[in-house]
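Have a look at the structure below, then the notes.
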2 protein chains.
Amino acid sequence: MNSKVITALATPNIAMIKYWGKRDYTGLNTPNNSSISMTLDETLNTKTTVMFSDKLDSDKLYINGVEENIHGDNVSEKSKYIKNTLIEMRKLSGVKENVVVVSENNFPSGAGIASSASGAAALIYALNEALELKMDGKQLSIMARKISGSACRSVFGGIVKWNVGSHDDGSDSFAEMAFDVQHWKELIDMIAVVDPDTKKVSSSIGHEATVRTSVLYKNRVPFAEEGVTKIEDAIKNKDLDSLSKVIMRDSNNMHATMLDTWPPIMYLNDSSKEIVYKIHQLNDSQQDKKCIAGYTFDAGPNAHIITTDEHKEEVLTALKDVQGIKKIFESHQGVGPRILPENESLLDENTLTPKKMK
Amino acid sequence: MNSKVITALATPNIAMIKYWGKRDYTGLNTPNNSSISMTLDETLNTKTTVMFSDKLDSDKLYINGVEENIHGDNVSEKSKYIKNTLIEMRKLSGVKENVVVVSENNFPSGAGIASSASGAAALIYALNEALELKMDGKQLSIMARKISGSACRSVFGGIVKWNVGSHDDGSDSFAEMAFDVQHWKELIDMIAVVDPDTKKVSSSIGHEATVRTSVLYKNRVPFAEEGVTKIEDAIKNKDLDSLSKVIMRDSNNMHATMLDTWPPIMYLNDSSKEIVYKIHQLNDSQQDKKCIAGYTFDAGPNAHIITTDEHKEEVLTALKDVQGIKKIFESHQGVGPRILPENESLLDENTLTPKKMK
C-alpha cells in the first residue's frame, strides 16, 4: 500500500543573530544562544516529495537526483539525523511502511548557499502531512531542529526567533514567528555569491571546535543574547540604522570566534572583505552616517546584505566594482513552508525514484 | 657648535605573543598585556644618524630621504612622540642645540614590514650616544616604548620579553632579554611578503578601537599573559612543537579581536589565509602531527613563519605554490642595536641634510 504523495516547499533563512555553538551534539542541536532570522521568499527554495510504500525495502533519500546513503555506520551526521527523524515521525504516526524522499533545490549546490535549513524544513513539513501527524509549529520546529539547528527557524515565515531554551531534552528550544511578513515588508536580503573558497570546514565540525577551543567564545554568548533583543527592537521600530549595525557586529563577532578556533576557521575571503568595506563606505556616506544596509555572512564567503527596497539600487551601485561577485540574488521575506499541489510531485510513482535523476 | 655625528643600527622584532591594546594613549604606550618577541638579524635594518648643531634653527627629521614634519599641531602621532622624545632626552643631557635626524630602512616601506620598532630603537640608541646619557637597557627600552610600543623590544637582541607593568607612569613597563641569541640559535623567521591590502587601518588607531569596541577583547588579555609564559617555557626547552602552536594561536586570537572591532579591522588576505592552510598542512603531515613551523601576522597581511634551520626547506616547499607571495626574507635572531663607525654616517655635515635625498 502507498500513502499519499506529498510535496512541500520551504525556503532558507538568513540569521541576523547567528547560531554558532551547541549545547548538545547527540542529535538535539540545542544551541548556546538564541538567534533571530528572516525567512527568505521562494526565490531560493527546496521542494521535497515523500511517499510511504510497502514496496520499499528500506527508506530511500534522493537529493538533487542523487541517492544519499542513510543506512549503516559510515553515513554523514546529517544523514544520521534524517534517518532518526524518519524513524521518530513514523513511530509517532503508527505508519509501518518505508518512505522515499525526493528533494530538490532550485539553486545549484555549488552556489555556496546552504540548503540544510530549507531542506530539513521541507522534509518535516511533507512528513507531517503524509503521516497526518497534525503537528503544530512548535513541534515542527523542534523536529526540524534535530536535522539541522537553523532549520527550526525555516518552519515559519517573516522574522523568526529561536529561543535558546534550557531543558536537557530540547523541549523548550524552538522557533516562533516574531514579526509577520507584513510588519516590515520592504526588508530585503541581497545575496552576493562570490567565488567559493577551496578550503571548507563543515559547520557541524566548526560548532564543536569553536566551543571547545576558542578562548574568546564565552563572551559571544551573552553578546548574541543581547543582540536578539536589539534586533527585535530594531524591527519593531523599523529602525534600519540600528538593525544594520547589530547584524554586522554579530556576523563579525561570530567570524572572530571562528578565527580564534583551533585550527582556525576562516570563511571570509578577499571578495567578502571588499563587500564589507563597500557597505561601510556606503553607510559612512549617509547623512549622520546612518546605516542603510548591513552585511552578514554564514559559514561561507557569500555576503547577505540586509536592506530595504528603498536602498536596493544604492547597494547594487556600491557593489558593482567588487571583484569575484558571481551573482546577486534578491529576496524579500517569505511566508514559510507550504504544501504544493499534487502535480508538482518530484516522484515517479512507478519506479519510486525521482522523475529527474542526475 | 656641532656634537659628534652618531649613527646607530637597529632591527625589527617579530612578536610571538602580540602587543595589541594600550593602557595609555597620552604618549606612554603602556600595554594591556606582556609580550615576547624575537629580535631579527640585520637582514632588515634601520640606520639612523643624529647630530646636534647650533646651525639648526629647529629639530629636523628625514626618513628615507624625505623630510618629515614634526612641528605644529597637524603632525602624526608618531611625529609628536618623536618630537617629545627629542625634547625629553635633550633635557636630560643639558644639551641645548637642535638636532638633525637622518633615518633609512634597507627595506622598501611599501614592503609591508613595519619599520617603527627598528626606527625608534635606532633613534634612541643614537641619541643616547650623541648626548652621552649612558642610559642602561631599561631606560633605553622605556624611551623607545614612548615612540612606538613594540620598539621597546628592539633595544635588545635574542628573545625579548616586555613586562606589562602596572605603574601609571610606565616606569615598570619595559623589555628585557629573556634568552640570548646563542640559546637557540637555529631559530629563524621567514617573512613572506604578500600583495598588500589596499585598505589599511593604522595600528595606533586599531589598538584604541579594539579595546573600546571589541566584546571579545577582554578574554585576550589573560590569554596573552599565559602565552608569554608558554613561549618562555617552549624556548627554554627548545620545544618547536609547543612554540609553533602558541605563536599561531596568539596571532589568530589577536586578529580575531581585530575582526570583532567596530568597524572591523581585517589585515589577513587570501594569500595570508593560504599560507595559514599550508603551514597547518605541513604540520599535520609530521609524525604525531608535531608542529615544525608557526605563522604569525602583525598588523598586516605578511606572514612571519617561525621555524628552525632544519625545517627551512620544508617550509619553502610548502609555500611554493601560494599565490601572491612577492618575496621571502629570512632572518635569524639579531643581537640588538649597535653604533656604526663614523664612515657609515647618513648625514651631509655641510648641508645638514641626508647624503641621499629622494
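Within every chain, numbering begins at 1; the chains are lettered A, B, ... in the order of the sequence lines, protein sequences first and strands thereafter. Below, all heavy atoms of this structure are taken into account, side chains as well, without hydrogens, waters or symmetry copies. It should be emphasised that the depicted structure is a prediction, and the values quoted were computed from it without experimental measurement.
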Above 12 or not: heavy atoms from other molecules or residues under 6.0 Å from NZ of A:K22?
-> yes
Can you tell me if NZ on B:K290 sees more than 12 non-hydrogen neighbours from other groups inside 6.0 Å?
-> no
Any chance you could measure A:L216, atom CG, to B:N252, atom CG, to the nearest 0.5 Å?
-> 10.5 Å
Nearest 0.5 Å please: distance from the CE atom of A:M266 over to the CG atom of B:D270.
->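 Those atoms lie 9.5 Å apart.
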Counting heavy-atom pairs under 4.5 Å with chain B, which one of [options] comes out on top?
options	value
A:M248, A:K245, A:M254	A:M248
A:V276, A:T213, A:L259, A:T261	A:L259
A:P264, A:P263, A:P222	A:P264

Residue B:H280 versus chain A: region with a heavy atom under 4.5 Å = side chain
Side chain from CB out, backbone as N, CA, C, O: work out which of these in B:S214 comes under 4.5 Å of a heavy atom of chain A, or both, or neither.
->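 Just the backbone, heavy atoms under 4.5 Å.
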Side-chain H-bond candidate by donor/acceptor type, A:D260 with B:N253, under 3.5 Å |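 Distance-only check passes for A:D260 and B:N253.
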Show the numbers, then the answer: is there a side chain to side chain contact (heavy atoms under 4.5 Å, CB included) between A:K273 and B:L268?
-> CA-CA 10 Å; A:K273 281 175 60 181; B:L268 307 182; 5.6 Å; no
